[in-house]
There are 2 protein chains.
Amino acid sequence: MGRLKKDDKVIVPFQPDRHDHGQCISEAIAAAETYCKKNGLSFTPLRRQVLELVWSSHGPIGAYELLDKLRVSRGNAEPPTVYRALDFFIEHGLIHRIESLNAYVGCGDPARRHGGQFLICRDCKSVAELDDIAIARAVIRRADALGFEAEQQTVEVVGRCSACSGEIKNG
Amino acid sequence: MGRLKKDDKVIVPFQPDRHDHGQCISEAIAAAETYCKKNGLSFTPLRRQVLELVWSSHGPIGAYELLDKLRVSRGNAEPPTVYRALDFFIEHGLIHRIESLNAYVGCGDPARRHGGQFLICRDCKSVAELDDIAIARAVIRRADALGFEAEQQTVEVVGRCSACSGEIKNG
DNA sequence: GGTTATATGATATATTATAACTTATAAAAA
DNA sequence: TTTTTATAAGTTATAATATATCATATAACC
Ligand SMILES: [Zn+2]
Ligand SMILES: [Zn+2]
Ligand SMILES: [Zn+2]
Ligand SMILES: [Zn+2]
């Protein structure tokens, strides 16, 4: 394994086993609320609820799975309800869409605008969000060399997380 | 604009305006046929036809658009026909799927296994495939630092190509 | 030739996402 | 404080993308 350098952040790590996830959610919601207030965005009860549901899974969640959960309290919810909330949050950087999974995750660092960088474990399906400046810069540098103005970049890496590759090695 | 270095390749460039596209297609098909022969894969007439249709668009094409084209000569074709062919080629690196577009493009360099790296112009919808080792290495280095075995990486960059950003600048 | 594996045909259905119109609520203007 | 305007949410319908399953054909192998 290589070494981590400063400037390299893991926004949402693998294996969120023993953290206080209730607190984790409420912090994320509070951060989102603050962010919306600062930016004049309306953080409605519906949006709050959708964001809570996204965070409560603490991993990628599909729109229709989200819809099912939403219906527990809002029996009448329909697809546009959830898609609108998702679009709103994606537009403002509070949720990322993982293209290769058709799924959504809460962003752990919405204040700092960035493209999504994800490590997706093909075995345990866990997902880690990165915010690796070296990767982002390599992309921008290359685009720039071609006269391409990069506005939004997405990096999705499929492989095996340390826990899952360890299991085989050890097992 | 930055400078290109050796090792940096643009596999499929923007603006394939004045190239002999008939030849471009037939070269790609010939390369695919050779590749399949070498690797004991059966390059059936149906698969050939699907690959030709993918290349003939010289850009990303959707599965159902492909199906429509296929039906010109195979009136009975159904979705699984085209998805199977696409899956076959994707599995063997001859076609890439662009996740953010739900679309497919022929790979310009199947012999060298690589993840897809795409610059997608939001205005003219053209797509350039890169094979930038610096980007790929930055991804692998970071994954490695986290004990993540990267197996497949996808990079999709949305922005504006030089032609489209030039149009605005020039008026 | 008989067996096995692979590929394709054909039908049905699952999954993901959006269009379009209506009603409710909030913000701004008069 | 009414009126107006903009934004958000409810509702119905449908579009777009992808897969499951079973039947048939073709190719590879023995
Ligand atoms: Zn948590
Ligand atoms: Zn993020
Ligand atoms: Zn794992
Ligand atoms: Zn390629």
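By convention in this document, chain letters (A, B, ...) are assigned in the order of the sequence lines, proteins followed by strands, and residues within each chain are numbered from 1. Excluded from the calculations below are hydrogen atoms, water molecules and symmetry mates; all remaining heavy atoms, backbone and side chain alike, are included.
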Legend entry - Inter-axis angle, terminal five-pair segments of the helix from C:dG1-D:dC30 to C:dA30-D:dT1 [nearest 10°]: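 Helix axis angle between the two ends: 30°.
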
Inset, instruction - Indicate whether OP1 or OP2 belonging to D:dG10 is found under 4.0 Å from a side-chain N or O atom of A:R74. - result: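 For D:dG10, OP1/OP2 do have a side-chain N/O of A:R74 under 4.0 Å.
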
Quick one: are [X] and [Y] in side-chain contact, heavy atoms under 4.5 Å?
X: B:Y64; Y: B:V82; result: no
X: B:I95; Y: B:V105; result: no
X: A:S56; Y: A:I61; result: no
X: B:F148; Y: A:V157; result: yes

Legend entry - Footprint string (nucleotides 12-26 of chain D, 5' to 3'): B base within contact, S backbone only, - free, heavy atoms under 4.0 Å: B----BBBBB-----

Inset, instruction - Indicate the ring-plane relationship of A:Y83 and A:Y104, choosing parallel, tilted or perpendicular according to the 30° and 60° boundaries. - result: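 Answer is perpendicular, since the angle exceeds 60°.
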
Legend entry - Parallel, tilted or perpendicular, as decided by the 30° and 60° cut-offs, for the rings of B:H96 and B:F118: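 Because their plane-to-plane angle is over 60°, the rings of B:F118 and B:H96 count as perpendicular.
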
Legend entry - Identified side-chain contact (heavy atoms from CB on, under 4.5 Å) counterpart of A:H114 within the set A:D109, A:D132, A:L130: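 The residue from A:D109, A:D132, A:L130 that satisfies side-chain contact (heavy atoms from CB on, under 4.5 Å) with A:H114 turns out to be A:D109.
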
Legend entry - Lys/Arg-Asp/Glu bridge criterion (N-O < 4.0 Å) met for B:R47, B:E52: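 Result for this pair is no, no salt bridge flagged.
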
Inset, instruction - Mind calculating the distance between NE2 (A:H92) and C1' (D:dT7) to the nearest angstrom? - result: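 Spelled out: NE2 on A:H92 to C1' on D:dT7 is 12 Å.
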
Inset, instruction - Pull out every residue in residues 31-51 of chain A that has a heavy atom closer than 4.0 Å to any atom of DNA chain D, ordered by number, or say none. - result: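 Residues of residues 31-51 of chain A that come under 4.0 Å of DNA chain D are, in numerical order, A:S42, A:T44, A:L46, A:R47.
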
Inset, instruction - Using the heavy-atom set of chain B and a strict 4.0 Å cut-off, write down the first and last nucleotide of DNA chain C that makes it in, 5' to 3'. - result: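 From 5' to 3', the first and last contacting nucleotides are C:dA7 to C:dT11.
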
Inset, instruction - With sequence neighbours left out, write down each residue that passes side-chain hydrogen bond (donor to acceptor under 3.5 Å, both in side chains) with A:E65, or none if nothing qualifies. - result: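 With neighbours one apart ignored, the set is empty.
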
Legend entry - By side-chain hydrogen bond (donor to acceptor under 3.5 Å, both in side chains) - contacts of B:E156 (at least two apart):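 Once residues adjacent in sequence are excluded, the partners of B:E156 under the side-chain hydrogen bond (donor to acceptor under 3.5 Å, both in side chains) criterion are B:S100.
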
Inset, instruction - Kindly say whether A:W55 contributes a backbone atom to a donor-acceptor pair with the side chain of A:H21 at under 3.5 angstrom? - result: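 Checking the backbone N and O of A:W55 against the side chain of A:H21, a donor-acceptor pair under 3.5 Å is found.
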
Inset, instruction - Please step through salt bridge (charged side-chain N to carboxylate O under 4.0 Å, His left out) for the pair A:R97 and B:E99, ending with a clear verdict. - result: CA-CA 11 Å; A:R97 172 178 161 82; B:E99 300 289 349; over 6 Å; no

